[in-house]
Number of protein chains: 2
Amino acid sequence: MSAKVAEFNNWQAVHDEVLRRLHSRQWKPGELIPNEVELAQEFGCARPTVNRALRALADAGLLDRRRKAGTRVAMHPVRKATLEIPIIRLEIEGKGQKYAYKLLHTSQQSPTEILCKQFPLTNTQPILYLNALHYADQKPYMYEVRWVNLAALPQITDVDFTKISANEWLVMNAPFTKGDISFSAAPASVNEAKELDIPVGNAVFIVDRTTWYEGDVITSVRQVFFPDYAMNTVI
Amino acid sequence: MSAKVAEFNNWQAVHDEVLRRLHSRQWKPGELIPNEVELAQEFGCARPTVNRALRALADAGLLDRRRKAGTRVAMHPVRKATLEIPIIRLEIEGKGQKYAYKLLHTSQQSPTEILCKQFPLTNTQPILYLNALHYADQKPYMYEVRWVNLAALPQITDVDFTKISANEWLVMNAPFTKGDISFSAAPASVNEAKELDIPVGNAVFIVDRTTWYEGDVITSVRQVFFPDYAMNTVI
DNA sequence: ATATTTATTATGTATGTACATAATATTTCA
DNA sequence: TGAAATATTATGTACATACATAATAAATAT
């Protein structure tokens, strides 16, 4: 068995060698690379082994693959970052800080005309509104304004949200199939400033997130963070 | 062939059924699920087919798997979002706006003591500083302050950054193995406000990003966006 | 009773063969 | 010449069998 055959006799080794060729520009963006049969012969392994390596690179956004059309180097490689919907209590405690939570407001009301236009809601079905504050070491950390679609989660009316945040309950109990997220900056409104105990107009980091289960909207939340917050991730 | 056997005779069908059981809480967070042999018997397919389905769910963050230990439902499912380092020109043109770019400043200097402490740089090797403005429809869109490690990318000194942005050149020419990203909000500083033509102290969205190739730092950039910017993604 | 060694278990992966199928190329027909 | 039909190609996936190996359980030795 030659050194070369031994060298690439597993999908990770094939994966790494292809990646090296991508990074060194041996294969350039947009370029068609050798097909699986050719690569299997070159690497001395089976075609499904090459398939497994190339699929992983395609999943990572570095290759584009289509049946018959072949495998091309991606023009603009995209990368996936891990983004989780954090349980805010664990995020705060993970920073070594003491967590506290206050439910500010809750009510059931018909959704507004605007919401009915934006989401698959009907104004005959009430939705649950919840506003809350999360504290870290007795300082405001994040203020959230949320509504929940009761048609999608009728059992949520049984939950005591003075004891657990909607954020935590939903992460633990409400699976979702899709989440739309938007990150932005804004000056704190009069109300946001009051709740976070900061001057009106201070720059705040905002996360708007809507989660869906199949075609049903589950919940939509606007989270306004205290001014020193930064969200970190890795790609 | 029974309906059941036909029903789950491919990895996607197995994947979807397992996902249904996770979402319906038939299998609860932390719980051990049946092993691959058992599931293969139940679904009437081969063990590698079940393996493929469960691996995909583990990659998605919904299951935790270890040899011998088995497969458990993840306690806190994380989800991956696609985050790309955008070519700003394409992002602006994608919004139907006209792109323009101005290189404000470039120089080669030794890195500061602070940078040498934070990154694997030496103060005998100069780094390339580049500040630039990106415009959309003749309005400032994003102001960026960047440095590039010349030890990692010596060929960059040949590039004319009055004609192409560092952002675009680096995405096209500098592969990376890791990127650290931070999103935050801040009041625009005097300099940032001047370059973006906004009042000092206005809330701006900030992206800080450092990319690495193996152990070498490649570039670090702070991007300050015009106040109406929002970054959207899907999980 | 505890530490060490050995056995077992469950996941990880490779293979060759085979079939499926999306996409492209070529051929045929009008 | 262009449309439709057919052929071809390259990726997608299933399988049975086999082997690899990390992790846990059980057995053995002290």
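The model shown is predicted, which means the values in this text are computed figures rather than measured ones. Throughout, a chain's letter reflects where its sequence line sits, starting with A, and its residues are numbered from 1.
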[N] OP1/OP2 closer than 4.0 Å to side-chain N/O of [X]:
X: B:Asn9; N: D:dT13; result: no
X: B:Thr71; N: C:dT11; result: yes
X: A:Arg66; N: D:dT9; result: no

Does the distance from a Lys or Arg side-chain N to an Asp or Glu carboxylate O, for B:Arg65 and B:Glu36, drop under 4.0 Å?
yes

Is A:Asp180 paired with A:Lys178 through a side-chain N to carboxylate O contact shorter than 4.0 Å?
yes

Is the count of non-hydrogen atoms from other residues, nucleotides or ligands lying under 6.0 Å from B:Gln155 atom CD greater than 12?
yes

Of B:Arg47 and A:Arg47, the one whose nearest nucleotide on DNA chain C sits closer to the 5' end is B:Arg47

Pick the closest DNA chain C nucleotide for A:Arg67 and for A:Ala46 by heavy atoms, then say which residue is nearer the 5' end.
A:Ala46

Would you say A:Arg89 and A:Ser165 are linked by a side-chain donor-acceptor pair, where the criterion is simply a distance under 3.5 Å?
no

A:Tyr141-A:Glu91 side chain donor-acceptor pair, cut-off 3.5 Å
yes

Test item: B:Asn232 and A:Ile181 side chains (from C-beta on) under 4.5 Å apart, heavy atoms
no

Residues from residues 48-65 of chain A sitting under 4.0 Å of DNA chain D, heavy atoms only?
A:Asn51, A:Arg55, A:Arg65

Tell me: [atom1] of [X] to [atom2] of [N], nearest whole Å?
X: A:Lys68; N: D:dT6; atom1: NZ; atom2: P; result: 18 Å
X: B:Asn35; N: D:dA23; atom1: CG; atom2: P; result: 17 Å
X: A:Trp11; N: D:dA20; atom1: CH2; atom2: C1'; result: 16 Å
X: B:Gln12; N: C:dA20; atom1: CD; atom2: C1'; result: 15 Å
X: B:Glu36; N: C:dA10; atom1: CD; atom2: P; result: 11 Å

